[in-house]
Number of protein chains: 2
Amino acid sequence: MTERADRAERPGAAARRTAAQPERDPEAVSRFVERFAAQLVEAGVPRMPARVFAALLASDAGTLTSAELGERLRVSPAAVSGAVRYLAQVHMVSREREPGSRRERYRVHGDQWYEALTSREAVIKRWEHALREGVDSLGATTPAGRRLAETLAFFEFVDTEIVAMMVRWRARREELFGSP
Amino acid sequence: MTERADRAERPGAAARRTAAQPERDPEAVSRFVERFAAQLVEAGVPRMPARVFAALLASDAGTLTSAELGERLRVSPAAVSGAVRYLAQVHMVSREREPGSRRERYRVHGDQWYEALTSREAVIKRWEHALREGVDSLGATTPAGRRLAETLAFFEFVDTEIVAMMVRWRARREELFGSP
DNA sequence: CGCTTCTTTCACAAACTTGTGAAGTTAAGG
DNA sequence: CCTTAACTTCACAAGTTTGTGAAAGAAGCG
């Protein structure tokens with residue numbers, strides 16, 4: 001990826017923008033969405049969920065309807081549906097029904113998704129389980145068994161550390177951004 | 001000379017098995033390898049690299065040659081080659097040339113790979129970069145911009161925390177397992 | 001109630017991944 | 001030097017994954 005500084009905007013633009021715009025410069029938003037989504041994809045998130053998620057992140061309200069998502073990402077309702085199902089399953093978004101409309105609204109929990117992402121509780125638990133089995137069946141006193149046991153200990157350590165870390169984060173966040 | 005690896009054994013364990021096993025019960029090893037690999041796959045690691053990595057983890061010496069890997073996993077040399085290239089790129093294994101032979105030896109750095117896995121330095125750095133761009137182009141004072149800024153702050157926080165955490169881990173590890 | 005609007009499900013085609021055999025490359029050992 | 005063992009690269013076939021259009025399924029609103 002080369003340096004293609006195609007800025008659609010000049011410094012003044014941000015100031016000029018006023019309440020009239022439903023979302024700021026769709027160009028810029030889309031650029032961010034695609035770039036951030038690409039990074040998520042590299043980290044192992046399936047593509048469409050990554051794009052949907054990035055779009056939600058970049059929305060002012062932090063919520064979008066299925067229709068809005070389809071429109072912004074230029075994909076079919078079916079694709080949105082699938083992506084949202086995935087994201088809900090891994091707790092990166094939640095769905096809310098808007099009372100008085102059959103529209104569904106998807107929301108990124110600004111302050112929860114990255115906690116989920118970082119800790120990956122379920123994933124780590126399964127690793128630990130597999131490692132424990134390995135230690136048992138290879139024998140805790142064999143060189144390989146010892147290696148597995150150490151790895152297991154590491155993940156257990158991380159588990160507890162992350163809990164503490166998130167506590168510190170919430171404190172720091174308050175300090176930086178004020179109370180939620 | 002292929003079979004001189006994997007032999008630093010304990011008396012008790014050796015008694016239960018027949019003395020001449022090149023690796024402990026290949027059945028059990030293979031079962032662990034496939035199960036652990038499956039978990040890695042679920043976490044986003046490509047299949048063959050995951051299997052190769054698990055096989056190395058479960059080897060007593062912590063190293064295997066390309067030929068040994070191919071044999072244990074029942075795959076072609078080409079597959080091993082590709083998998084190893086991937087793993088080396090993400091620093092989960094390193095390759096060493098055995099002097100006096102054209103065999104290459106792949107090693108899992110018992111105490112480094114999970115550090116790499118956990119911190120995912122490069123990945124997080126790229127996320128931060130994408131987020132910074134996003135804050136800039138959406139405007140730091142817009143709601144969406146603020147959300148991105150907070151996410152960015154979180155990752156920066158995690159960066160520094162993880163460094164400290166790994167220091168604590170090394171201490172704990174020594175305490176649990178003695179010096180490296 | 002039934003119309004209308006929105007969402008989900010399903011079968012399938014296109015696009016991408018993976019692993020293979022075979023040919024190519026490198027370097028040890030005669 | 002030439003042979004040969006060991007690994008790598010390449011083109012391609014098999015197998016997945018993805019996203020779509022079409023049709024069916026909810027749910028407000030008249």
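So that the names make sense, note that chain A is the first sequence line, chain B the second, and so on, each numbered from 1.
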Exercise. Figure out the CG/P separation between A:Leu69 and D:dG19, and round it to whole Å.
Key: 14 Å
Self-check item: B:Ser76 side chain, from C-beta outward: closest of C:dT7, C:dG21, C:dT9
Solution: C:dG21
Practice problem: Check the distance between D:dG15's P and B:Met48's CE and give it to me in whole angstrom. | Solution: 15 Å
Exercise. Would you tell me if any nitrogen or oxygen in the side chain of A:Arg47 comes within less than 4.0 Å of OP1 or OP2 on D:dT18?
Key: no
Quiz item: Given C:dT8, is OP1 or OP2 found less than 4.0 Å from the side-chain N or O atoms of A:Arg95?
Solution: yes
Quiz item: Contact class for A:Tyr106 vs. all strands (heavy atom < 4.0 Å): base, sugar-phosphate, or nothing?
Solution: sugar-phosphate
Quiz prompt | CZ-CZ distance between B:Arg51 and B:Phe36, expressed to the nearest 0.5 angstrom | solution = 15.0 Å
Practice problem: Find the distance between CG (B:Leu148) and CD (B:Glu133) and round it off to the nearest 0.5 Å. | Solution: 11.5 Å
Practice problem: Give the intermediate values and the outcome of side chain to side chain contact (heavy atoms under 4.5 Å, CB included) for residues A:Glu104 and A:Val84. | Solution: CA-CA 11 Å; A:Glu104 197 116 18; A:Val84 161; over 6 Å; no
Quiz item: Toward the 5' end of DNA chain C, which comes first, B:Pro46 or A:Val84, by nearest nucleotide?
Solution: A:Val84
Quiz item: At under 4.0 Å, does any side-chain N or O of A:Ser66 touch on OP1 or OP2 of C:dT7?
Solution: yes
Practice problem: Can you tell me the distance, in whole Å, between the CD atom of A:Glu104 and the C1' atom of C:dT8? | Solution: 10 Å
Exercise. Figure out the OH/P separation between B:Tyr86 and D:dT8, and round it to whole Å.
Key: 18 Å
Self-check item: Atom pair distance, as rounded to whole Å: CZ in B:Arg103 and P in D:dT4
Solution: 18 Å
Quiz item: Counting only side-chain N and O atoms of B:Arg85, is one of them less than 4.0 Å from OP1 or OP2 of D:dT9?
Solution: yes
Self-check item: Inter-residue atom distance B:Glu156.CD - A:Leu176.CG, 0.5 Å rounding
Solution: 9.5 Å
Quiz item: Rounded to the Å, how far apart are B:Arg97 CZ and C:dA28 C1'?
Solution: 12 Å
Exercise. Nearest-nucleotide wise, let me know which of A:Pro77 and B:Val80 is further upstream toward the 5' end of DNA chain D.
Key: B:Val80
Quiz item: Testing B:His129, B:Arg126, B:Lys125 for side-chain hydrogen bond (donor to acceptor under 3.5 Å, both in side chains) with A:Gln39, which one passes?
Solution: B:Arg126
Quiz item: When all nucleic acid strands are considered with a 4.0 Å heavy-atom cut-off, which category describes A:Arg105: base, sugar-phosphate, or nothing?
Solution: nothing
